[in-house]
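Sharing a structure below in structure tokens format, with a few things to ask.
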Amino acid sequence: MAVRDALLSILLVGPAYGFQLHGELAARTGGRRAINVGQTYGTLDRLAERGLIEPAGETDDGLPLHRLTEAGRVAALAWLHGTDASVSDPWDETVERVLIASSLPGVSLTSILGTERERWAARRHAAQATAEASARLEPAAPPAASVLTRHAGAIDAARAAALIDWLDEIAAARPAPFGFSPERPRRGRRPAAQPATQPASA
């Protein structure tokens, strides 16, 4: 999971400030995704540069709030509905996508679970086919190589089956979505102070 996708998705709840998003990311992934605060702020800066978030005022004590632009909303929903981050591990991508989606009010978890289940059923089928094909070719292939191919396909099929079982558990549990935590972190990055202007000389 790319941190940018997670932060965009969390902002579907509403405007938030940087350190708040940092805490929400950990909470909404069940503690699986803990990053340093600098990475959170760096990601928010890049999202702003790409036009995916924009300023949304500030808190009563001066912390700058961020909100999604329309392009950011489109990107968040695309990720939630199955667009994987580049060079991501499919297992982690699915687990963290589902955990975050299950916490978001107004998001169709049923639809997301259905999409993920289809993807992992296809992966299980492909892995099983690879294992079966290697078994059929075993007499003609170097034994060590064919055995390893068969075992690799078997573990990929088992991994897919395990994730499908987990998705079914989530569907049965129906976790309740929630808004932002009312607890206020003590930290937060405030805008840099503007240099004082010198009075014009007479």
For Ala154, which residues count as a side chain to side chain contact (heavy atoms under 4.5 Å, CB included) partner, sequence neighbours excluded? none

For Trp91, does its backbone N or O pair with a side-chain atom of Thr94 as donor and acceptor, under 3.5 Å? no

Can you name the nearest heavy-atom pair linking Leu11 to Ala16, along with the distance? CD2-N, 3.9 Å

Here the salt bridge (charged side-chain N to carboxylate O under 4.0 Å, His left out) pairs for residues 101-114, sequence neighbours left out, are none

Sequence neighbours left out, cut at 3.5 Å: what donor-acceptor pairs do the side chains of residues 48-55 make with other protein atoms?
residue: Glu54; atom: OE2; partner: Arg67; partner atom: NE; Å: 3.0

Leu80 CG to Ile112 CD1 distance, which is reported to the nearest 0.5 Å: 5.0 Å

Got a second to check how far Arg159's CZ is from Arg123's CZ, nearest 0.5 Å? 8.5 Å

Mind checking salt bridge (charged side-chain N to carboxylate O under 4.0 Å, His left out) for Glu24 and listing every partner two or more places apart, or none if nothing turns up? Arg28

Where is the tightest heavy-atom contact between Val98 and Leu109, given as atom of each residue plus distance? O-CD1, 4.2 Å

Using side-chain heavy atoms (C-beta onward) and a distance below 4.5 Å, is Leu21 in contact with Leu25? no

d(Ile10 CD1, Ile100 CD1) to nearest 0.5 Å is 5.0 Å

As an exercise, state the distance from CD of Glu58 to CG of Leu65, rounded to the nearest 0.5 Å. 8.0 Å

Tell me, do Thr130 and Asp156 make a side-chain contact under 4.5 Å, heavy atoms counted? no

Whether Ser111 side chain and Ser108 backbone form a donor-acceptor pair below 3.5 Å: no

Side-chain contact test, heavy atoms from C-beta onward, threshold under 4.5 Å: evaluate it for Thr43 versus Arg46 and give yes or no. yes

Check the hydrophobic clustering (I, L, V, M, F, W, Y; side-chain heavy atoms under 4.5 Å; chains of links allowed) and say if Leu148 and Ile155 are grouped together. no

Any chance you could measure Gln39, atom CD, to Leu44, atom CG, to the nearest 0.5 Å? 10.5 Å

Thr59: side chain to side chain donor-acceptor pair (under 3.5 Å) partners, not counting sequence neighbours: Asp61

Smallest separation among heavy atoms of Thr115 and His81, with atom names: CG2-O, 3.9 Å

Quick one: does Gln20's side chain have a donor or acceptor within less than 3.5 Å of a partner on Tyr17's backbone? yes

Considering only heavy atoms from C-beta outward, does the side chain of Glu93 approach that of Trp79 to under 4.5 Å? yes

Is a donor on one side and an acceptor on the other found under 3.5 Å between the side chain of Tyr41 and the backbone of Phe19? yes

If you look only at distance, which donor and acceptor atoms sit under 3.5 Å apart when one is on a side chain in residues 162-182 and the other is two or more places apart or in another chain?
residue: Asp168; atom: OD1; partner: Arg117; partner atom: NE; Å: 2.9
residue: Asp168; atom: OD2; partner: Arg117; partner atom: NH2; Å: 3.2
residue: Ser181; atom: OG; partner: Glu183; partner atom: N; Å: 3.2

Can you find a heavy atom in the side chain of Arg33 that is under 4.5 Å from one in the side chain of Glu96? yes

Which residues satisfy the side chain to side chain donor-acceptor pair (under 3.5 Å) test with Ser9, sequence neighbours excluded? none

Of all residues at least two apart in sequence or in a different chain, which pass the salt bridge (charged side-chain N to carboxylate O under 4.0 Å, His left out) check with Arg73? none

Excluding sequence neighbours, so at least two apart, what forms salt bridge (charged side-chain N to carboxylate O under 4.0 Å, His left out) with Arg119? Asp84, Glu116

